[in-house]
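Atom set for the values below is all heavy atoms of this structure, side chains included, hydrogens, waters and symmetry mates excluded. The sequence lines fix the lettering, A, B, ..., with proteins before strands; numbering per chain opens at 1.
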Amino acid sequence: MNFSSLNQIEKVNAAQFQRDLLQWYEEEKRDLPWRKDKDPYKIWVSEIMLQQTRVDTVIPYFERFIDQFPTVKALAEAEEEDVLKAWEGLGYYSRVRNLQAAVREVHEQYGGRVPHTKEEISSLKGVGPYTSGAILSIAYGVPEPAVDGNVMRVMSRILSIWDDIAKASSRKVFEEAIRQLISEDDPSSFNQALMELGALICTPSSPACLLCPVREHCCAFHEGTMNELPVKTKKKTMRHLHLAAAVLKTEMGEVVIQKRPPQGLLANLWEFPNTELSGIGSPKVELELFLKREYEIETKLKAEPIAKIQHVFSHLTWDIDVYEGRVTDYCSVKENSRLVKAEEVETYAFSVSHQKIWKKAKDE
DNA sequence: AAGGCGGGGTG
DNA sequence: CACCCAGCCTT
């Protein structure tokens, strides 16, 4: 804990800060679908979707997801395949597996009622310090901090906090600051207002200080340091992987797909057979050896790839050479694979990279 | 404390 | 290109 930072709070008049912030929020807040009611389940779903994901991206997913799984009971009883399909393209897929596991626990252990104590709600899978604070404050009106990237950026400027927000330990500094500033009357609006301010005014680069409702409370504005805060160290370099993928079609218009393992990258999503290339042989030969080894099938791949696809993740890049081939008398031993009709491919949850592959291959 | 984990928007 | 986004989990 960096107590020197906390002393900065004396620079802010908490009551006046709350009034200025909350008045602005009441006038300027966006009309978002998860703000239509205070159903803890819907707040929960929205908060999981919003982790590392922009509001504009989440909105259509949230509408469809709530339409399809409107209650704790509905999501608890849903098939994982359907839930994953509803999440397709949103990324960080462990979020939705954890969400469904946690919703099932709420359904069974809490009679379908989302718990409202810090200890109980924090014990749910996928619910960390931010999300527990968000659900408690927004759905139940409990004055708990909900410190996300927005709040750290905004408060680093307001209070001139120079702790590195990339460090996990820094979150506690901001939580302690929020505890001293939060509105006890309306913690829901207070927390959401800070995030709204971070999204609309107090942006990472070029903050719109002249439009800011709390600029008179802002140390960085007075000191002219708003463009130097927050302090955030850089992240690591990216790995680069070269893959080859096969779109294998039968005479009957069927296609071979396989399911990824339940742990790790893109867990449980469907994809086309593919292998990481060592660079020893040509991509085509390495892919054929993979298909013979893993599938025990002989394939005739076209000599040239039908597409070369690059897909960038947050921590690595895939370069995929896509080959097409015919299979006859498909009878694979590979248990996580299956043969599906071409028209049904899109009913399975695919990662975006393999959606790109199918987009190229389906018309070939 | 550090790294894995998606995908898209922005300058 | 790099950085960022209503973070959490594992090691």
**OP:** Name the nucleic acid region contacted by A:S351, choosing base, sugar-phosphate or nothing; use a 4.0 angstrom heavy-atom cut-off, strictly under.
**Re:** sugar-phosphate
How many whole angstroms separate atom [atom1] of [X] from atom [atom2] of [N]?
{"X": "A:I59", "N": "B:dG9", "atom1": "CD1", "atom2": "C1'", "answer": "14 Å"}
{"X": "A:Y61", "N": "C:dC5", "atom1": "OH", "atom2": "C1'", "answer": "15 Å"}
{"X": "A:H240", "N": "C:dC1", "atom1": "NE2", "atom2": "P", "answer": "9 Å"}
{"X": "A:E271", "N": "B:dG6", "atom1": "CD", "atom2": "P", "answer": "12 Å"}
{"X": "A:F313", "N": "B:dG4", "atom1": "CZ", "atom2": "P", "answer": "13 Å"}
{"X": "A:R239", "N": "B:dG3", "atom1": "CZ", "atom2": "P", "answer": "12 Å"}
{"X": "A:Q355", "N": "B:dG7", "atom1": "CD", "atom2": "P", "answer": "8 Å"}
{"X": "A:L200", "N": "B:dG9", "atom1": "CG", "atom2": "P", "answer": "18 Å"}

Does the distance from a Lys or Arg side-chain N to an Asp or Glu carboxylate O, for [X] and [Y], drop under 4.0 Å?
{"X": "A:R97", "Y": "A:E80", "answer": "no"}
{"X": "A:K362", "Y": "A:E346", "answer": "yes"}
{"X": "A:K334", "Y": "A:E296", "answer": "no"}
{"X": "A:E81", "Y": "A:K85", "answer": "no"}

Could you give the distance separating [M] and [N] at their [atom1] atoms, to the nearest angstrom?
{"N": "B:dG11", "M": "C:dA6", "atom1": "C1'", "result": "22 Å"}
{"N": "B:dC5", "M": "C:dC4", "atom1": "C1'", "result": "16 Å"}
{"N": "C:dC3", "M": "B:dG6", "atom1": "C1'", "result": "15 Å"}

Original post:
With a 3.5 Å cut-off and no angle check, do the side chains of A:R260 and A:Y93 form a donor-acceptor pair?
Top reply: no
Original post:
Between A:E120 and A:S123, do the side chains contain an N or O donor and an N or O acceptor separated by less than 3.5 Å?
Top reply: no
Original post:
Could you write nucleotides 6-11 of chain C as a row of B, S and -, 5' to 3', where a protein heavy atom under 4.0 Å of any base atom gives B, of only sugar-phosphate atoms gives S, and otherwise -?
Top reply: BBSS--
Original post:
Any cation-pi pair here, A:R64 with A:Y61, using under 6.0 Å and within 45°?
Top reply: yes
Original post:
Does a nitrogen or oxygen in the side chain of A:K232 sit under 4.0 Å from OP1 or OP2 of C:dA2?
Top reply: no
Original post:
Reckon A:H315 has a side-chain N or O less than 4.0 Å from the OP1 or OP2 of B:dG4?
Top reply: no
**OP:** Using the closest heavy atom to pick a nucleotide of DNA chain B for each, name whichever of A:K167 or A:V352 lands nearer the 5' end.
**Re:** A:K167
Subject >> Distance-only donor-acceptor test, A:S314 side-chain atoms vs B:dG6 base atoms, 3.5 Å >> reply: yes
